[in-house]
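Chain letters run A, B, ... following the sequence lines, proteins first, then strands; residues in each count from 1. The figures here come from the full heavy-atom set of this structure, side chains too, leaving out hydrogens, waters and symmetry mates.
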Protein chains: 2
Amino acid sequence: MSTHGHTETWIERAEAVLSAAGHKRGGARRAVIELLDSQSCALTAVEIEDALRTGERGVSRASVYRVLDELEALRLVQRVETGQAMVRYERVCEQGGHHHHLVCDSCGLVMPFSDEALERAIDKLSERVPLRVSEHEIVLHGSCHDCRDD
Amino acid sequence: MSTHGHTETWIERAEAVLSAAGHKRGGARRAVIELLDSQSCALTAVEIEDALRTGERGVSRASVYRVLDELEALRLVQRVETGQAMVRYERVCEQGGHHHHLVCDSCGLVMPFSDEALERAIDKLSERVPLRVSEHEIVLHGSCHDCRDD
DNA sequence: AATATCACAAGACTGAGTCTCATTCTTGGT
DNA sequence: ACCAAGAATGAGACTCAGTCTTGTGATATT
Ligand SMILES: [Zn+2]
Ligand SMILES: [Zn+2]
Ligand SMILES: [Zn+2]
Ligand SMILES: [Zn+2]
């Protein structure tokens, strides 16, 4: 009944990485992790706080930010800078989940997209540049279908 | 002695665009424009406010933000989201000045770079995507040469 | 010069994000 | 099962980049 990791979920990987990093368990972190796992794209810290307060397990603001920082440091979640007021966070999936974002500057809509040529360009570029590139997150701005006309 | 625009500086273009958009002149806007023109890469609003206060012409905080918003709306300046606390702004040059940014997450260093393959990938991509793409600004994160080792 | 309108300064205000510290929970050892 | 060390958490004060308001000064047009 055991596996060798190929079917490991993000939650399982997160728990394992946290444990290996010396963290104990806790209800607040668990609640944040479960919420992030249920989302396919990015949430703001305030959205997370509100969703959790409304839901089963409320989590204080300090804990939301602390947990997000811990998860980011362990590369389990990634910041998404949409240029809107608040930073967004989403889980980092190893198999296939990698994507970037389109942001409508009129209505604030955030959409994921992925592009193989773009990934190749970034990979090549990363080798020639005076920086050891860790993560990359591309955000393209424009007007969505509903907001055409300025 | 007159030209047909090929040697138009960014300041000249900014004044022309502002005038065409119905703006009157003013000392605060002029001071912000001159400071931005003297920089080749991005500044934060607070850096702009401080530089102007120290320099010849102080400009109030409200004016700095208002002018930056006006210039951004007219595509004369561009936001740069470095993922640091503050948003940065830089002038948009038409001939050759186009570049993106590398950010060292350890020390905060911001470096410009440009890459032709990346530009091509983004141009192609922009056609297939459910968004009319206006501007693009890529930020790659990592560790700079002085900060290698985590 | 008078008028209308925009540009500006000063500062109060907002709210996302940070920090502190007392309390509660985990966990490994007894 | 019990205990102690140390991690996790909650509550709220605090910071400060960015916004908003309002009264004053500059500009262009007639
Ligand atoms: Zn996403
Ligand atoms: Zn839209
Ligand atoms: Zn730049
Ligand atoms: Zn560095």
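- Residue contacts for A62(B): at a heavy-atom cut-off of 4.0 Å it reaches a base atom on one of the strands shown.
- Rounded to whole Å, atom P of dG18(D) lies 12 Å from atom CD of E72(B).
- The side chain of S60(A) approaches dA11(D) more closely than any other nucleotide in the set dA16(C), dA11(D), dT19(D).
- Inter-residue side-chain proximity for Y65(A) and V32(A) is flagged as unmet; no heavy-atom pair is nearer than 4.5 Å.
- Ranked by how close their nearest DNA chain D nucleotide is to the 5' end, A45(B) and K24(B) are led by A45(B).
- Among the heavy atoms of the strands lying under 4.0 Å from R29(A) are primed sugar atoms or P, OP1, OP2 only; no base atom is included.
- When the P atom of dC6(C) is taken as reference, atom CG of D69(B) falls 17 Å away, rounded to whole Å.
- Hydrophobic clustering (ILVMFWY, side-chain heavy atoms < 4.5 Å, transitive): L140(B) and V139(A) are in distinct clusters.
- Aromatic rings from H136(B) and H98(B) are positioned such that their centres are separated by under 6.0 Å.
- For dG10(D), one of the phosphate oxygens OP1 or OP2 lies less than 4.0 angstrom from a side-chain nitrogen or oxygen of S63(A).
- Between R13(A) and E15(A), none of the side-chain N atoms (NZ, or NE/NH1/NH2) sits under 4.0 Å from a carboxylate O, so this pair counts as no salt bridge.
- Here the P atom of nucleotide dT14(C) and the CE atom of M86(A) are 17 Å apart, to the nearest Å.
- Phosphate contact (OP1/OP2 of dT27(C), side-chain N/O of R25(A), threshold under 4.0 Å): present.
- One can place CG of D50(A) at 15 Å from C1' of dG17(C), the figure rounded to the nearest angstrom.
- Within 4.0 Å of G22(B), counting heavy atoms only, lies no atom of the nucleic acid at all.
- Atom CD in E49(B) sits roughly 12 Å away from atom C1' in dC16(D) (whole-Å rounding).
- For a distance-only test at 3.5 Å, the side chain of R61(A) qualifies as a donor-acceptor partner of the base of dG17(C).
- D115(A) has no carboxylate O lying under 4.0 Å from a charged side-chain N of K124(B), or vice versa, which leaves the two without a salt bridge.
- Going from atom CD1 of I33(A) over to atom C1' of dT9(D) covers 15 Å, rounded to whole Å.
- Two residues, Y89(B) and G26(B), neighbour DNA chain D, and the one matched to the more 5' nucleotide by heavy-atom proximity is Y89(B).
- Within the structure, every side-chain polar atom (N or O) of Y65(A) is placed at least 4.0 Å from both OP1 and OP2 of dT18(C).
- Atom CG in L68(B) sits roughly 15 Å away from atom P in dA17(D) (whole-Å rounding).
- Side-chain proximity of R66(B) to dC8(C), dG18(D), dT18(C): nearest is dC8(C).
- Backbone-only contact: R57(A) has heavy atoms under 4.0 Å from sugar-phosphate atoms and none from a base.
- Rounded to whole Å, atom C1' of dA16(C) lies 17 Å from atom CD of Q84(B).
- Partner R88(A) forms a side-chain contact (heavy atoms from CB on, under 4.5 Å) with one of E90(A), Q84(A), M86(A) and no other, that one being Q84(A).
- Contact annotation: H23(B) reaches the phosphate of dA7(C) (side-chain N/O to OP1 or OP2, under 4.0 Å).
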